[in-house]
Amino acid sequence: MVRFTEVGLRYPSPDGGLGPEALSDLSFTLPDGSFTWLLGASGAGKSSLLRLMHLAQLPTRGKLEVLGQQVRADRRAALPALRRQIGVVFQDFRLLPYLSAFDNVALPLRLAGRSEGSLRPDVTEMLRWVGLQGREMSLPQQLSGGEQQRVAIARAVVTRPALLVADEPTGNLDSHQARRLLALLTQMNRLGTTVVVATHSEDLVAQFPSASLRLEAGRVVHHG
Amino acid sequence: MAERRIRRARDPLGLKRALSDKLLPGLVAAMALLAALALAGSRGAEALKNRWQHGAAAAVTVQLPPEQSGRMDEALALMRARPEVAVAEPVSPDRMRELLRPWLGEVPALPLPSVLELRLKNINLDPAPVQRALSEAIPGAEVEAHGIWVARLAALARSVQGVALAVLALVIGVAVAVVAVATRAGVASRRQAIEILHDLGATQSDIAGRFARRIGLLAAGGALAGAAIAVPALAALSGLAAPLSGGVVQPWSALPWLDLALLPPVAGLIGWATAQFSVRRWLRRLP
């Protein structure tokens with residue numbers, strides 16, 4: 001479960017203080033196993049909201065609960081373990097350029113302490129699933145934008161996370177790959193993963209109707 | 001190819017490329033060389049000070065005139081009875097020749113004076129009463145005390161030792177600063193990779209530990225090279241200093257081997273601890 005209660009977020013300003021609120025008075029609950037579209041125009045605060053959900057940012061006010069745990073700045077030591085239960089598909093992929101596709105996907109498993117022998121089948125299966133079999137040893141710069149995005153998706157789901165957040169995951173995919181990705185996300189959702197996907201694509205939302213959360217100027221204007 | 005891939009996979013921050021294996025070890029090698037010289041200087045000054053203080057400091061030389069050379073036993077008994085005197089021993093002709101050899105060479109026919117060596121109980125005792133008592137008993141006997149000179153030399157040696165230790169502290173301070181700057185440069189060049197690992201659930205100790213292991217290894221390697229360079233330099237200096245320490249030339253055995261052996265692990269530890277501190281401090285800005 002993800003619960004926001006009166007959450008606000010300010011980013012640091014150049015003068016060392018805090019800037020204006022990028023997100024204001026966010027209060028909503030995403031139940032376990034839900035699938036939620038996050039909608040809104042550019043600059044509405046979708047990426048900031050996702051950053052809060054995957055704990056890349058902590059709220060400057062209000063209460064945030066992720067996967068049943070209260071997120072607090074004074075309990076930072078507990079956050080890495082919580083992050084390892086969250087899969088993230090970044091808008092800009094954020095692959096490590098000197099690691100192969102295989103090693104990029106294996107990274108979360110290695111950080112979780114999985115042995116080399118046990119992670120190979122999972123990583124290979126995940127790469128096959130996103131259609132990158134035979135490209136395991138390719139470096140990100142040797143892959144197209146769509147292929148890099150698929151590596152990023154494989155990395156996000158390889159740990160079978162309890163919460164999966166994706167920021168414009170279909171932005172670099174053709175319509176076939178986009179439908180394929182959404183099929184994967186809904187499949188994971190059916191297996192119990194809570195999924196939150198930020199998108200501009202109303203077509204995609206129409207093809208996979210589900211609950212949505214719409215943001216405008218950092219505030220929730222629709223949830224349902 | 002496979003080994004290269006595994007090496008890279010074990011280095012997800014790409015630190016082998018971000019932290020040069022030439023610049024940092026080169027700087028640490030130079031500082032290890034300076035540290036070795038400072039340590040050796042400190043040890044040498046201490047050894048000289050001890051030698052002078054425990055050897056010559058309390059020593060007083062008594063020389064009997066040639067016409068009184070047969071009264072050696074009488075002079076010895078007189079000196080041993082004095083309360084100021086801890087030890088009184090005659091200087092054997094062989095030792096006398098050995099002492100004169102650096103100045104006069106081998107001169108077997110040279111008549112040697114009769115000399116007693118006294119060691120006073122305290123370096124600060126005035127040898128004048130001893131001189132008076134001896135002159136009254138054996139006219140023409142001369143007493144030569146070295147205490148004041150040795151005290152001054154010992155003070156000089158202490159100063160040299162202090163300066164050497166100050167240089168050592170400065171070298172350690174500079175080493176910490178160099179490692180901190182190298183760590184910050186590494187963090188700056190791998191900022192995005194750090195943030196990715198952080199977002200994927202890496203702990204602060206995991207990220208800081210990767211930096212610390214790499215930098216500790218580079219620092220230890222640099223210090224090993226610096227210590228290796230220091231060995232012949234110290235051996236040469238030891239040979240030059242040999243006359244001051246009794247004239248016995250044993251440069252290899254006189255080297256501070258333990259200090260040299262400790263340089264790499266200590267440098268590695270300094271690098272490791274500095275990197276840990278620097279990276280953890282930087283990571284505090286991440287949630």
Side-chain angles (χ1 to χ4, degrees), chain A residues 9 12 50-60 64 71-73 75-90 92-113 116 119-120 123 136-139 152 155-156 158-159 161 165, chain B residues 1-22 183-215 217-218 275-287:
Chain A
L9 173 67
L50 291 184
R51 284 177 64 79
L52 285 174
M53 281 189 191
H54 69 79
L55 311 178
Q57 205 74 46
L58 298 184
T60 40
L64 172 60
V71 176
R72 288 170 49 174
R75 288 190 194 162
R76 288 181 181 207
L79 297 183
L82 195 51
R83 284 190 190 103
R84 288 197 285 270
Q85 297 178 59
I86 304 170
V88 192
V89 183
F90 299 98
D92 55 356
F93 319 143
R94 304 187 77 185
L95 301 176
L96 294 174
Y98 38 80
L99 293 186
S100 66
F102 182 94
D103 289 324
N104 266 291
V105 175
L107 189 54
L109 297 175
R110 288 190 171 118
L111 289 175
E116 288 296 312
L119 60 81
R120 178 164 286 279
V123 175
E136 290 90 344
M137 293 304 118
S138 300
L139 294 172
R155 184 180 66 183
V158 72
T159 55
V165 299
Chain B
M1 184 73 178
E3 277 180 22
R4 197 171 162 196
R5 189 190 70 74
I6 290 167
R7 276 203 306 274
R8 281 187 177 171
R10 285 178 185 161
D11 181 24
L13 289 170
L15 296 180
K16 283 189 176 147
R17 275 186 286 176
L19 297 167
S20 162
D21 57 1
K22 292 183 181 64
T183 306
R184 280 188 206 171
V187 166
S189 71
R190 287 295 181 260
R191 181 185 177 131
Q192 194 185 16
I194 292 171
E195 287 175 353
I196 291 171
L197 260 67
H198 175 266
D199 288 351
L200 292 177
T203 59
Q204 288 199 356
S205 62
D206 183 20
I207 295 170
R210 288 174 192 275
F211 271 91
R213 279 193 294 277
R214 174 74 180 153
I215 287 180
L217 202 64
L218 291 177
Q276 279 274 357
F277 177 78
S278 304
V279 176
R280 281 174 186 267
R281 194 161 169 230
W282 187 88
L283 286 171
R284 268 191 245 151
R285 69 185 65 185
L286 299 180

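Just so we're on the same page: letters track the sequence lines, and every chain starts at 1.
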Between CZ of A/Arg84 and CG of B/Leu200, what distance do you get to the nearest 0.5 Å? 10.5 Å

Can you check whether anything in residues 278-287 of chain B gets within less than 4.5 Å of chain A, heavy-atom wise, and list it by number? B/Arg284, B/Leu286, B/Pro287

Qualifying residue, where the test is side chain to side chain donor-acceptor pair (under 3.5 Å) with B/Asp199 and the options are A/Arg83, A/Arg94, A/His54: A/Arg94

Does any heavy atom of chain B fall under 4.5 Å from the side chain of A/Leu79, the backbone, both, or neither of them? side chain

Can you tell me which portion of B/Asp206 sits under 4.5 Å from chain A's heavy atoms? Options are side chain, backbone, both or neither. side chain

Which atoms of A/Arg76 are under 4.5 Å from chain B, going by heavy atoms: the side chain, the backbone, both sets, or neither? side chain

Given that the side chain runs from C-beta out, which part of A/Ala56 has a heavy atom under 4.5 Å from chain B: side chain, backbone, both or neither? both

Rounded to the nearest 0.5 Å, the OH atom of A/Tyr98 sits from the CZ atom of B/Arg190 at a distance of 5.0 Å

Of the backbone (N, CA, C, O) and the side chain (C-beta and beyond), which part of B/Gln204 lies under 4.5 Å from a heavy atom of chain A, both, or neither? neither

In this structure, which one of A/Val88, A/Asn104, A/Leu96 forms a side-chain contact (heavy atoms from CB on, under 4.5 Å) with B/Ile196? A/Leu96

Can you see which heavy atom on A/Pro80 is nearest to which on B/Gly201, and at what distance? CB-O, 3.5 Å

